[in-house]
Amino acid sequence: MRVRELSRRDFIAMAAAAAGSALVPKASMATPPQDPVVDTMQKNGKPVSYEKVPWKVRPFPLKQVRLGEGLCKVAMEADRRYLHSLPPDRLLHTFRINAGIPSSAQPLGGWEAPDCELRGHYAGGHYLSAAALMYASSGDEDLKNKANAVVAELAKCQAALKSGYLSAFPIEFFDRLRNREKVWAPFYTIHKIMAGNLDMYVHCGNEQALNVAKKMADWVAGYTDPLSYDHMQRVLGTEFGGMSEVLCNLYAVTGQEQYLEVAHRFDKRLFLDPLAEHRDELKGLHVNTHIPQVTAAARYYELTGERRYRDIAEYFWDEVVGERSYCTGGTSNHESWNTDPGKLSTELSTNTTECCCAYNMMKLTRHLFGWSPDARLMDYYERTLFNHRLGTINPEDGTMMYYLPLASGYWKTFGKPFDSLWCCTGTGSEEYAKLTDTIYFHDDDSLYVNLYIDSQLEWPEKGLSVKQETGFPQAQGTTITVSAKNPVQLGVNLRIPYWVQGGSVRINGTTLPAFASPSSYLTLNRVWKHGDKIELNLPMGLHIHSMPDDESIQAVMYGPLVLAARFDPVSKEMTYGDYEPKPGDQYKAPEIVADPSEPTAWVEPDAKQPLLFHGVGQSQPLTMVPLNEVIHERYAVYWNVNRKAV
Ligand SMILES: [Zn+2]
């Protein structure tokens, strides 16, 4: 057994050494599979070999990880019920009408309404991705069958449209796009439909869906072929989602290089060039238009080895996470970055932090972690998961939020089940279907436990299963039990979060003499036997997250959790249907009079109930709980804290 204390620098040095040793790859390591290829059902069992830069650490196929009870399971089950509630004929209605196929189904509303220019993005896109991911995460055969039926009907629509084009809106939208006439976001929608079909292939083995996606890609090639470079750059002035990413992924599972060439046409130079040169010119940009372009850059790097694209992704991540994110991990205000780096104190409103942005930043984070497994990446992932993703799906009906308001005194608003179907409904439907995808990563010789979520992992190649039992974050730690057919040599890397205050680890009841620094991985390297048990103790405490440009504006956190004061409940009418609460309808949260450097000066934990807190010495009583527990009440996250009343 080897236990050592790892600082972040040690860890990076170790990772670099590991990279060096990989220069003489073992046969099985030459082309390890990775997202999305890790989940592709290979007919002949051979790994796909189109990755130029394999991830050093990689996730397990979704089907090998199952959630136990807890917040994540509640969110996933709400999502699963919601996906089941969507009738296939209603999903297909506008696709059929557009293809000249009769349909008498009741149209869906919101962004799927027959007159909405984004129609089809959810019905033929996010829905398929979410169903595919949910099947892989839960084994829900019924949902897979429904989604397979939708694919079969979409294929009929595509055949009727003849050219390979598949959409719920007329092809003339693309004439408007080419002519730079007003149109919402045609390629954004096409991306969702292509990704949905590709996910149905990757996770459910649906060959017809792969065929649909390939025909769509061929149509995209035909549309973009005649456009000059400059003309295409102008076309990229209209939001186009992750077109490059899905084309990269299509190449990754088929090996057909033309898809990589078409992907490259979606490089928006005006956005990517400054990032490659490490210049933050993000001010003024629409956030969720651009994050997917960086994930696409990450994917392009992995498939081509062109370092420029890795630089883009890493610099962008540092700027967004370090300079432009709130305490929740969310980013954007009024859907944009409106300020210079590090200026957020003026950026609190009813429509801060669009949910899609959190989804897309988490997705990007997985790529960076795959290249270099740095604990700070997973610290960010945990922050965003526990504060922005949990708590933005309504556990009662699976409806989802658009913005997570961070201005004080407002409330959470959720979409209507059949009459909203926003972008964030789409990314949310996917998110809660894949909450298992980042808990564990691995390389050939070690396991990474990134997140403390009750779950079970099967690792048949090692003859291992790993059970993680935890009530985290109510419980401050986790217990991991190994089941092994035979004793197995393995490094188990436990993430020691940035927020930990102390901490210890026990193996089979014996406390180890060493621990690791916050924001690093603790490596337990030994021969693991059946029944071996790791007990990890991660004490939480109160700490402050201040605005980078104004230390008196601050949120209080407890461990990974953003705390919110909970005020009066709001009515059902106020909860459903709007993107955001009414900007004027604000409950005035009190100013806090206390030492701004010390959260315990004005907040204290309840003597009995975990994750309940009370204000101390303020003008009115305050009850605080994790933001993710607030669903139907007004709340406040950020406070003005001063030594004297101002
Ligand atoms: Zn959105």
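Every number for a ligand or one of its atoms is a count from 1 in the order of the listing.
Note on Asp437 versus Lys363: no salt bridge recorded, every NZ/NE/NH1/NH2 to OD/OE distance being 4.0 Å or above.
Lys215 pairs by the side chain to side chain contact (heavy atoms under 4.5 Å, CB included) definition with Gln158, Asn211, not counting sequence neighbours. Remark: Asp280 engages Arg324 in a salt bridge (charged side-chain N to carboxylate O under 4.0 Å, His left out) (not counting sequence neighbours).
Glu239 and Trp184 are not linked by any side-chain donor-acceptor pair at a separation below 3.5 angstrom, with hydrogens and angles left out of the test.
Protein N/O/S atoms closer than 2.8 Å to the Zn ion (ligand 1), listed by chain and residue number, are Glu354 OE2, Cys356 SG, Cys423 SG, Cys424 SG.
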Table please: side-chain donor-acceptor pairs of residues 119-126 below 3.5 Å, with sequence neighbours left out.
unit_1: Arg119; atom_1: NE; unit_2: Pro114; atom_2: O; d: 3.3
unit_1: Arg119; atom_1: NE; unit_2: Ala168; atom_2: O; d: 3.0
unit_1: Arg119; atom_1: NH1; unit_2: Pro114; atom_2: O; d: 3.2
unit_1: Arg119; atom_1: NH1; unit_2: Cys116; atom_2: O; d: 2.9
unit_1: His121; atom_1: NE2; unit_2: Leu421; atom_2: O; d: 2.9
unit_1: Tyr122; atom_1: OH; unit_2: Ser429; atom_2: OG; d: 2.8
unit_1: His126; atom_1: ND1; unit_2: Glu430; atom_2: OE2; d: 2.7

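Within 6.0 Å of NZ on Lys416 lie no more than 12 heavy atoms contributed by other residues, nucleotides or ligands.
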